[in-house]
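Since this is a predicted model, take the numbers as computed values, not measurements.
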Amino acid sequence: MNQNDMYNLCCSYQGKRVRIVDNQGRVHRGEVTRVNRNMVWLRPDENLGGYGLGFFGFGGYGSDFGYGIALGAITGIVLATAFFW
């Protein structure tokens, strides 16, 4: 999936809970709060388990947007309703 396809997919998931796997194998779970052509921002669920070092990235903990993940680093994204949380 190219970056433009990933951008469109992330836009369609804005405001929804998702599970994202990055190219380092880290799993990120939360609500998509913002998307631009380079990044998708997640507001993590209350239990912060399973987050990689990127959690303290853009905006830091408590930011309205959550934290950012580069679209080019995403290898998979799925809606939270598609699996057992």
Side-chain angles (χ1 to χ4, degrees):
M1 183 177 285
N2 66 37
Q3 191 164 338
N4 191 48
D5 293 337
M6 187 60 68
Y7 168 78
N8 291 329
L9 185 60
C10 289
C11 284
S12 71
Y13 289 163
Q14 192 157 351
K16 296 181 171 77
R17 292 178 60 214
V18 297
R19 177 181 181 256
I20 294 176
V21 179
D22 67 22
N23 58 8
Q24 299 295 312
R26 293 181 295 235
V27 177
H28 308 269
R29 295 179 180 96
E31 178 186 343
V32 176
T33 58
R34 182 178 176 204
V35 180
N36 69 24
R37 290 282 177 190
N38 299 311
M39 303 280 285
V40 59
W41 282 266
L42 287 184
R43 181 181 305 125
D45 290 333
E46 289 180 23
N47 68 353
L48 302 177
Y51 288 95
L53 298 175
F55 176 71
F56 293 101
F58 179 83
Y61 181 71
S63 171
D64 289 340
F65 293 133
Y67 66 99
I69 302 170
L71 289 182
I74 296 173
T75 58
I77 182 170
V78 65
L79 281 172
T81 56
F83 59 92
F84 288 60
W85 203 259

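- Checked for salt-bridge contact, R43 and E31 meet the test: a charged N lies under 4.0 Å from a carboxylate O.
- Under the side-chain contact (heavy atoms from CB on, under 4.5 Å) criterion, N23 pairs with A73, T75, sequence neighbours left out.
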### Query
Can I69 and H28 be said to form a side chain to side chain contact (heavy atoms under 4.5 Å, CB included), step by step?
CA-CA 9 Å; I69 302 170; H28 308 269; 3.6 Å; yes

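- Of the candidates L9, I74, N8, L9 is the only one forming a side chain to side chain contact (heavy atoms under 4.5 Å, CB included) with M1.
- Qualifying side chain to side chain donor-acceptor pair (under 3.5 Å) partners for N2, counting only residues two or more places apart in sequence or in other chains: none.
- Contact check for K16 versus V32: no side-chain heavy atoms found under the 4.5 Å cut-off.
- A side chain to side chain contact (heavy atoms under 4.5 Å, CB included) with V40 is found for one member of V35, T33, I77, V18 and no other, namely V35.
- Pairing each heavy atom of R37 with each of Q3, the nearest pair is O-NE2, 2.9 Å.
- Among all heavy-atom pairs drawn from W41 and N36, the shortest one is CH2-ND2, 3.3 Å.
- In plain terms, the two heavy atoms of P44 and G66 that are nearest each other are CD-CA, 4.4 Å.
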